[in-house]
Amino acid sequence: MITIKVEDLRKLLEALDADEVEYVDLDIDAYDEEEKYLTVDGYDGYGGGSGYDALEGYEVDPNYRLMAEEASDDLVTQIQLADTKK
């Protein structure tokens with residue numbers, strides 16, 4: 001399995017649509033457990049095809065939004081504490 005950014009996927013789909021590609025081969029290239037890429041080859045319908053930029057895979061914690069909010073709250077608290085010490 002691979003996790004990719006939706007924005008990266010959206011850009012790929014726009015490129016495929018612009019090239020009028022109707023079918024693709026998708027492969028996951030895993031160099032190790034932490035370095036994965038989604039490779040995409042599109043069929044041109046005339047016996048050939050073209051490759052597209054591989055999409056980078058990410059390790060994402062299911063609670064990534066909550067973690068970012070907590071980190072932001074901690075930073076605000078640290079700034080407020082620093083301001084009170086001035």
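Below, each value reflects all heavy atoms present in this structure, side chains not excepted, and no hydrogens, waters or symmetry copies. Since this is a predicted model, take the numbers as computed values, not measurements.
- Proximity of V24 to L26: side-chain heavy atoms (C-beta onward) are separated by under 4.5 Å at one or more points.
- The two atoms that bring A54 and T39 nearest to each other are CB-CG2, 4.0 Å, heavy atoms only.
- Atom CD of E7 has more than 12 heavy atoms from other residues, nucleotides or ligands within 6.0 Å.
- When all heavy atoms are compared, the tightest approach of M1 to K36 is O-NZ, 3.0 Å.
- If you chain together hydrophobic residues whose side chains sit under 4.5 Å apart, L13 and Y37 never meet in one group.
- Two residues are said to be in side-chain contact when any heavy atoms from C-beta on lie closer than 4.5 Å; Y52 and L12 meet this criterion.
- Using a 4.5 Å heavy-atom cutoff, the side chains of D44 and Y23 are not in contact.
- Of the possible polar contacts, none joining the K5 side chain to the Y58 backbone as a donor-acceptor pair under 3.5 Å is found.
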Derivation of the salt bridge (Lys or Arg N to Asp or Glu O under 4.0 Å) call for K11 and E14: CA-CA 5 Å; K11 289 176 184 176; E14 288 172 356; over 6 Å; no
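- In terms of hydrophobic clustering, with Ile, Leu, Val, Met, Phe, Trp and Tyr side chains grouped at heavy-atom distances under 4.5 Å, V40 and Y43 are assigned to different clusters.
- Distance check, rounded to the nearest 0.5 Å: CG of L9 to CD1 of I4 gives 4.5 Å.
- The shortest non-hydrogen separation linking L38 to I2 is N-CD1, 3.6 Å.
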